[in-house]
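This chain uses plain numbering: 1 for the first residue, then up along the sequence.
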Amino acid sequence: MTFKPLLIPAIALGVSLSIAFPAYSSECYARLDGDTLRMGNSRIERTALWNNGHLITLSVTDKVSGKKLFTLGKNPDFNVNREKPTNGSFSVKEVKSDGIRPDRMIATVHYHLGDLEVERDYRLYDGVPAIAIDTRLRGVLGGVAEKETNAADRKNIEHAADMKVKPVTMLLDRLDLKGNHWHGRAVEFRDITDWNNNLVEERDFISYRKTNHRGNILTVTDGENRGGFIFLKEAPCSGVQLAYKGADFISDFGSFMVTGLGVDNKDITPDKWTPTYSTVLCTFGDGELSALYSLRSYQKQCRILDPTRDEMVMMNTWGDRSQDAKVNEAFCLAELDRAARLGISLFQIDDGWQSGKSPNSAVANGSFKDIYANASYWSPDPQKYPRGLKPIVDRGRELGIEIGLWFNPSVQNDFADWEKDAATITGLWKEYGIRMFKIDGLTVASKKGEENLRKLFDKVLEDTGNAVMFNLDATASRRGGYHFFNEYGNVFLENRYTDWGNYYPYQTLRNLWQLSRYVPAERLQIEFLNNRRNENKYVSDRFAPANYDFEYIFALTMAGQPLAWMEAGNLSDDAFSIAPTVNAYRKIQHDFHKGTILPIGDEPSGKSWTGFQSITSPSEGYLLIYREDNDNEKYPVRTWFENGTEITFTPVLGNAKSFKAKARLKGEIPVNIKDRNNFALYSYKIKK
C-alpha cells in the first residue's frame, strides 16, 4: 500500500497538537505530538522540540539497552546563521527498495532561516539503530564558517569569563548532553593510496573544553553509565572534503557537533536545491561490539549486497605493468581461458581497450581532457579489437566470466559532459551487456563537479534499470573515499606492484584489517599479485611476496572482494592449483560477506596471529584466521565472542580442523595452524 506524503504546517506556539501518520508497512515512525517531533523504529528514538522546523533535540534513546540520553534542549541541531525560523512544515513518505537501496521511511522537515530555505530528510530503516539526515539548501547562505581558533592562541583561564569561546556558526548536527565524563574516539581515514599506506587513524579523548577533531566517525561513550552514540559524517576523507575548515567534529564538555557542510556561499543559490554532506546518528549499548554492530547495520543499508551483482573474484591485468601495451583481442581471449582455470568470475579490461589514449598510455601521449573532441574515443580500438568487444564478451559468457571495463569521465569544467559519459556507459551496456565499470581519473574539486558526477551515476542507473555498478578508484586525487558515493558500487582500494617493490602481502592485509573495523570489508577490492614476478626487487627481504604461498596471498583478500591484479599468462603452472580454493570460496563468499565482518587477533605485521570474524547471526558465523611468520603453532586469538561462550568450529578452507572451544577473557580462542604463513577458515555455531 502506498501513501501520499502528509504535510503539516508550522505550529503556533502554545497549541497542543498530536498527529499520527498512516500505519506504514514498516516499523518506522515519525509524528508530531504538540511541539515535540518523535522519530524512530524498534531500535532507536530521537525526540526534538519542533521550533518551527529548526529542531532542537531533547532526547535520544537506544531501545534495546534502554539507555536514554537527555540533552540540554537549548541549541538547534542544524545551524548556519542566527535568523529566526519561519514557515516550518513536515511530511512523511515510505520509499520502496529499487534493488540498490532498501525500503526506508523519510520524514522531511522544511523551513526558512531568513533568505535561506532548509530541507532536512530524516531516513530510517527497519531494525537499524540509526537515523540519517540529508540536508539541502536553497537561497542565500550568508555567513561562512571560519577556521577555529587554535587553543594556543587563547587566553589562560583565571576567571569564568575567560572560558568563553566564539560560537560555532555552521553545524550539520549536534547533541548537548549533561555530564562531564564523556569518552570520545575520532576516526580519520585516508584514501589517495598511491601515497598513503596508513589509512586509519584513531584518536581517543575525554571531552573537556572546545576541541576540534578530524574524521568521518565520532564515537562517544558515557563514562558513568556506559552506552553512547556515534556520529557518522557521510563525506569524503577529511583531507579532500569541499570547503573544509579543518574539522569534522567539535567537542566541548558534553556538547558534540558535526561541522563542515561541504559547501561555500557561492554554492548556494535561490534557483536550486544544493545538498550538503549527510550525517548519521547511531546509538549503542554496552561495549565496543555493540557500537560497531550499530554502525555496520546502518552501513549495510547504503547498498543492497546482491550476490549476482556485487560479489566477484576479479582479474585486472594492469598489475603486471604492461599498461595498455598488450591488451587486444588475442591477449584478452588467452587471458580469459587462463582466468577460467583460476576460478575468476569477472575479467576487467583496464585502460587501453578504447580508441582514445589516456595520459597513462604506454604507447601514446594521451589526455583526459576534451575526450569528446574525438567522437570515437570510447569505441573499441579497431586495431586491437577489429571485431569490437563481442568476441571477448561471448567467450567470457561461455566460460562463466563477466567482462568489465575501465572508464574515465571527461574531467573538464566540473564533468560538464556527464550526459555524454552516461550515454557512453549505457551504450556499452546495451551493446555488450557490460555492467561493471571501473571509474578512474576523477578530481572532484567543486560542488558542481560533485553534483555532475552524481548525475552521471544516477543517469546510468536510471537508463539501465540499476543493472550497472561502479568500481570507484581511491588511489589518487580528490574522490569519494570510504563513506561517500557508497550506493554506487565498491572501492578499488590500492595499486601495489612487485615491479616497484611496494607490494607486501601483510601490508595489504593490514590495510583491510584496519579499515574493516569501520568500513564494510565486502565493499573493498583487495589485490593479490603474481608473487613470483620481480623477485630481484626483494633481495634478503623476510616479507618478500615470493616467501608466501600463492594460495595464502589469495586467502588474504577473502574478507573483501578479491582482485587478481596480474596477467594470468605470467603465472607459473603450479599457480593454477589454487582453483579449487577459489571455487570453494566463491560458494560461501556471499554468506561470509552478509555478516558483520570485524577484525580479530593482533594487527597484521608479518609476524602476528590475525584475521576476521563474520557474525552472520547471534549464534553463527565465520572465523578467518592467519598465522603469519611466527614461532607459535597454537595461539589464543582474540575474537568477538563473550567470555564463557561455547563454540563448535567446522573447517571450510585452508589448514583447518574441527574443534570445540570455550571463549576466554577478550574472547580468546586457542587456534592451531601448523605452518607459518598459512590460514584457516571456519564456520562456527554457538552452543545455546
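- For the side-chain hydrogen bond (donor to acceptor under 3.5 Å, both in side chains) test with Glu494, the passing option among Thr508, Asn196, Thr193, Thr475 is Thr508; the others fail.
- Under the 3.5 Å distance criterion, the side-chain polar atoms of Asn583 are left unmatched by any main-chain donor or acceptor of Ile578.
- We find that Asp675 and Arg627 are not joined by a salt bridge, their nearest charged nitrogen and carboxylate oxygen being 4.0 Å or further apart.
- Taking 4.0 Å as the cut-off between side-chain N and carboxylate O, Arg190 and Glu201 count as a salt-bridged pair.
- One N or O on the side chain of Asn530 and one on the backbone of Asn570 form a donor-acceptor pair closer than 3.5 Å.
- Of the possible polar contacts, none joining the Thr221 side chain to the Gly223 backbone as a donor-acceptor pair under 3.5 Å is found.
- Using a cutoff of 4.0 Å between basic side-chain nitrogens and carboxylate oxygens, Arg479 and Asp473 are scored as salt-bridged.
- A 4.5 Å side-chain heavy-atom check between Trp565 and Asn495 finds at least one atom pair inside the cut-off.
- With sequence neighbours excluded, the residues forming a ring pair (Phe, Tyr, Trp, His ring centres under 6.0 Å) with Trp609 are Tyr635, listed by chain and number.
- Summarising the local packing, NZ of Lys607 is surrounded by 12 or fewer heavy atoms from other residues, nucleotides or ligands at distances under 6.0 Å.
- Defined by atom type and a distance below 3.5 Å, a donor-acceptor pair is missing between the side-chain atoms of Asn677 and Asp629.
- A salt bridge links Arg533 with Asp320; the closest basic N to acidic carboxylate O contact falls under 4.0 Å.
- Donor-acceptor pairing under 3.5 Å is lacking for the side chains of Glu567 and Thr317.
- Among residue pairs with one or both ends in residues 637-660, those qualifying as side-chain hydrogen bond (donor to acceptor under 3.5 Å, both in side chains) are Asp602-Arg638; sequence neighbours excluded.
- Proximity of the aromatic rings of Tyr585 and Phe554 is defined here by a centroid distance below 6.0 angstrom, and this criterion is met.
- Under 3.5 Å, the side chains of Arg123 and Tyr298 contain a donor-acceptor pair of N or O atoms.
- Side-chain atoms of Ser294 and Ser297 include no donor-acceptor pair closer than 3.5 Å.
- A donor-acceptor pair under 3.5 Å is formed between the side chain of Asn466 and the backbone N or O of Asp98.
- Side-chain contact, Tyr29 with Glu45: a donor N or O sits under 3.5 Å from an acceptor N or O.
- Look at Asp62 and Lys68 and you find no salt bridge, because none of the NZ, NE, NH1 or NH2 atoms lies under 4.0 Å from a carboxylate O.
- For the atom pair Leu623 CG and Tyr682 OH, the distance stands at 8.5 Å (nearest 0.5 Å).
- With respect to the salt-bridge test (charged N to carboxylate O, under 4.0 angstrom), the residues Glu522 and Lys300 qualify.
- In summary, the side chains of Glu551 and Thr581 do present a donor paired with an acceptor at a separation below 3.5 Å, with no hydrogens or angles considered.
- Side chain of Asn316 to main chain of Leu563: no donor-acceptor pair is present (N/O by atom type, distance under 3.5 Å, no hydrogens or angles).
- In this structure, His593 contributes its side chain and Gly560 its backbone to a donor-acceptor pair below 3.5 Å.
- Between Glu335 and Arg395 no salt bridge is recorded (no basic side-chain N to carboxylate O distance below 4.0 Å).
- Side chains of Ser97 and Asp103: no donor on one and acceptor on the other come within 3.5 Å.
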Determine whether Val460 and Phe470 satisfy the following criterion, side-chain contact (heavy atoms from CB on, under 4.5 Å), listing intermediate values before the conclusion. CA-CA 10 Å; Val460 171; Phe470 300 103; 3.8 Å; yes
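- In this structure a side-chain-to-backbone donor-acceptor pair under 3.5 Å is present from Gln299 to Tyr518.
- For the pair Glu402 and Arg435, the salt-bridge criterion is met [side-chain N within less than 4.0 Å of a carboxylate O].
- Just one residue in the list Thr610, Asn197, Asn198 forms a side-chain hydrogen bond (donor to acceptor under 3.5 Å, both in side chains) with Arg510, and that residue is Asn198.
- Here the options are Leu529, Asp574, Leu571, the test is side chain to side chain contact (heavy atoms under 4.5 Å, CB included), and the partner is Phe550; only Leu571 passes.
- Donor-acceptor pairing under 3.5 Å is lacking for the side chains of Glu234 and His483.
- When the side-chain contact (heavy atoms from CB on, under 4.5 Å) test is applied to Asn225, the partners found at least two apart in sequence or on another chain are Lys67, Asp222.
- Here Leu333 contributes atom CG and Leu399 contributes atom CG; the two are 9.5 Å apart, rounded to the nearest 0.5 Å.
- Nearest heavy atoms, Gly606 versus Glu628: N-OE1, 3.0 Å.
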